[in-house]
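Just so we're clear, the structure is a prediction, and the values are computed from it rather than from any experiment. Basis for what follows: all heavy atoms, side chains included, without hydrogens, waters or symmetry-related copies.
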Amino acid sequence: MVLKMKQYLDLLQLIKETGTKKEDRTGTGTISIFGHQMRFDLNDGFPLMTTKKVNLDSIIHELLWFIKGDTNIRYLVKNRVNIWNDWPFQSWLNRTNQADDCPMHSSEWKEMMQVFVEKIISEDDFAEKYGDLGPVYGKQWRNFEGVDQLEQVVADIKSNPNSRRLIVSAWNPKEIPIMVKSGLPPCHTLFQFYVSDGKLSCQLYQRSADVFLGVPYNIASYSLLTLMIARVTGLEPGEFVHSFGDTHIYVNHLEQVEKQLKRDPRSLPKLTIQNKASLFEFDINDFKLTNYDPHPFIAAPIAI
């Protein structure tokens, strides 16, 4: 439904009108509010942004990467998904004393990024040394201090759907310092499932939300995860509930935000998912998106 996606534009407008200007870790600066929530009924259509084009294949590959427990960007870049490249690339520049010669987003930086990506793809040792993000999402989902949280939550949904403990956490305080070195501590930190009337819903708590660039991906990713888990547990889809902590627009995205706010949301597309016996059997060919008619893509830099 069009109205369901308008709430995203309303959030952008709310931040612009009421947000506080804040300094941030990246040095870019943000306009920020604290605490917000959006709700998406997954029976109304798949909540993929229509006021700008979003690449669903990238979202699917990233989610499959999380589900596999992978933390190395090699799988992603081999599938032309570049959304995680900036952090390990910048780490490589710093560790090899090349950062001063490659100012961020300069032509030299972009050229070296291509070198980095090609080496990740073609050189096993290089990929192992410089492509790993540390114990980020996939590690925590599948091996949080020895616990496979994802496998456990699927089993618990099947055996005890009324449980109030259907939770997966990516926030592992012991390993945050390790994540900081080459990646990014989890922004989407914890999610909880809820079963009612044969429907599976999911609520995500996101501690830090880049509303222009990241949030459209997060909405689609966790909605997709909910649909996948509903499929393998024999449930119908319910709602995706998105709860935020620090909810911000980077100041170098304001021009892009204005452009997006002038666009009207369009009808949501439909996502068809193949039947699978296990969450861990899905691949990219098991998903088909139809009736997706978005406005054109809007480019913006990532703050790292």
Side-chain angles (χ1 to χ4, degrees), residues 59-76 78-79 81 83-84 87-88 127-128 131-195 199-207 217-218 220-235 237-238 240-243 273-287:
I59 293 167
I60 295 172
H61 275 303
E62 182 195 46
L63 181 56
L64 294 175
W65 179 67
F66 290 158
I67 289 171
K68 289 193 302 182
D70 198 351
T71 59
N72 195 296
I73 65 168
R74 196 179 204 191
Y75 165 83
L76 297 177
K78 281 187 172 182
N79 287 284
V81 178
I83 54 181
W84 279 94
W87 290 274
E128 183 177 354
D132 196 81
L133 294 163
V136 291
Y137 297 99
K139 162 65 163 57
Q140 303 307 329
W141 287 15
R142 301 302 310 279
N143 183 14
F144 191 114
E145 304 298 315
V147 177
D148 189 332
Q149 296 187 91
L150 206 52
E151 185 177 69
Q152 186 65 56
V153 82
V154 172
D156 288 347
I157 290 169
K158 291 178 179 179
S159 65
N160 187 13
N162 292 323
S163 173
R164 297 186 290 267
R165 303 174 184 177
L166 304 174
I167 290 172
V168 174
S169 174
W171 192 263
N172 185 340
K174 188 173 99 173
E175 295 191 319
I176 295 300
I178 306 171
M179 301 182 209
V180 168
K181 291 181 181 179
S182 60
L184 184 67
C187 293
H188 27 115
T189 53
L190 178 147
F191 54 100
Q192 179 178 3
F193 292 102
Y194 176 82
V195 180
K199 293 182 178 181
L200 180 72
S201 295
C202 175
Q203 178 167 205
L204 167 67
Y205 179 74
Q206 186 162 351
R207 66 167 180 88
Y217 277 77
N218 305 137
S221 182
Y222 279 88
S223 296
L224 175 59
L225 178 62
T226 306
L227 293 172
M228 292 164 69
I229 292 181
R231 179 58 55 89
V232 300
T233 56
L235 297 165
F240 169 59
V241 183
H242 202 165
S243 298
I273 303 176
Q274 293 293 323
N275 287 320
K276 293 289 181 179
S278 167
L279 178 64
F280 310 106
E281 294 179 2
F282 286 101
D283 65 43
I284 190 68
N285 299 310
D286 292 323
F287 308 91

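- For Phe193, the ring-ring contact (aromatic ring centres under 6.0 Å, His included) partners at least two apart in sequence or on another chain are Phe191.
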Please tabulate, one pair per line, all N/O donor-acceptor pairs under 3.5 Å involving side-chain atoms of residues 159-168, not counting sequence neighbours.
from: Ser159; atom 1: OG; to: Ala155; atom 2: O; distance (Å): 3.1
from: Ser163; atom 1: OG; to: Arg165; atom 2: N; distance (Å): 2.9

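- A heavy-atom distance below 4.5 Å is found between the side chains of Val180 and Pro185.
- For the pair Arg207 (side chain) and Thr189 (backbone), a donor-acceptor distance under 3.5 Å is absent.
- Distance CZ/Phe282 to CG/Leu63: 10.0 Å, rounded to 0.5 Å.
- In this structure, the side chains of Met228 and Val154 stay at 4.5 Å or more apart for every pair of heavy atoms.
- Ring planes of His188 and Tyr222: perpendicular class, angle over 60° (limits at 30 and 60°).
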Review item, side-chain donor-acceptor pairs of residues 172-179, under 3.5 Å, at least two apart:
from: Asn172; atom 1: OD1; to: Lys174; atom 2: N; distance (Å): 3.3
from: Asn172; atom 1: ND2; to: Gln140; atom 2: OE1; distance (Å): 3.2
from: Asn172; atom 1: ND2; to: Glu145; atom 2: OE2; distance (Å): 3.1
from: Lys174; atom 1: NZ; to: Glu145; atom 2: OE1; distance (Å): 3.3
from: Glu175; atom 1: OE1; to: Lys139; atom 2: NZ; distance (Å): 3.3
from: Glu175; atom 1: OE1; to: Gln140; atom 2: NE2; distance (Å): 2.6

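- When the salt bridge (Lys or Arg N to Asp or Glu O under 4.0 Å) test is applied to Arg142, the partners found at least two apart in sequence or on another chain are Asp148.
- No side-chain heavy atom of Thr233 sits less than 4.5 Å from a side-chain heavy atom of Val195.
- For Gln149 (side chain) and Ser169 (main-chain N/O), a donor-acceptor pair under 3.5 Å exists by modelled atom type.
- By the neighbour-count criterion of 12 heavy atoms within 6.0 Å, atom CD of Glu281 is densely surrounded, having more than that number from other residues, nucleotides or ligands.
- Note that CG of Asp156 is 10.5 Å distant from CD of Glu151, once rounded to the nearest 0.5 Å.
- The minimum heavy-atom distance between Pro88 and Leu133, with the atom names listed, is CD-CD2, 3.5 Å.
- Counting only heavy atoms from C-beta outward, the side chains of Leu224 and Ile273 approach each other to under 4.5 Å.
- Using cut-offs of 30° and 60° on the angle between ring planes, the pair Tyr137 and Trp141 is perpendicular.
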>> Could you go through Tyr194 and Val241, starting from their C-alpha distance and side-chain angles, then the distance that decides it, and tell me whether this counts as side-chain contact (heavy atoms from CB on, under 4.5 Å)?
In response: CA-CA 11 Å; Tyr194 176 82; Val241 183; over 6 Å; no

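- Considering every non-hydrogen atom in both Lys276 and Asp286, the closest pair reads CE-OD2, 2.9 Å.
- Taken from CD1 in Ile60 to CD1 in Ile67, the straight-line distance is 10.5 Å, to the nearest 0.5 Å.
- Lys78 is linked by a salt bridge (Lys or Arg N to Asp or Glu O under 4.0 Å) to nothing, counting only residues two or more places apart in sequence or in another chain.
- Pairing each heavy atom of Val232 with each of Lys158, the nearest pair is O-CE, 3.3 Å.
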>> Using the rule given for side-chain contact (heavy atoms from CB on, under 4.5 Å), can you reason through Leu150 versus Phe66, listing the C-alpha separation, both sets of side-chain angles and the distance that settles it, and then say yes or no?
In response: CA-CA 10 Å; Leu150 206 52; Phe66 290 158; over 6 Å; no

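- Ser221 places no side-chain N or O within donor-acceptor distance of the main-chain N or O of Tyr217, the cut-off being under 3.5 Å.
- The distance from the CG atom of Asn218 to the CG atom of Leu204 is 7.0 Å, given to the nearest 0.5 Å.
- Between the NE2 atom of His61 and the CD1 atom of Ile284 there is a distance of 4.0 Å, given to the nearest 0.5 Å.
- A donor-acceptor pair under 3.5 Å is formed between the side chain of Trp65 and the backbone N or O of Asn72.
- Here the CD1-CG distance, from Ile73 to Asp132, works out to 9.5 Å after rounding to the nearest 0.5 Å.
- Among residues two or more places apart in sequence or in another chain, the side-chain contact (heavy atoms from CB on, under 4.5 Å) test is passed with Pro237 by Leu42, Asn43, Leu227.
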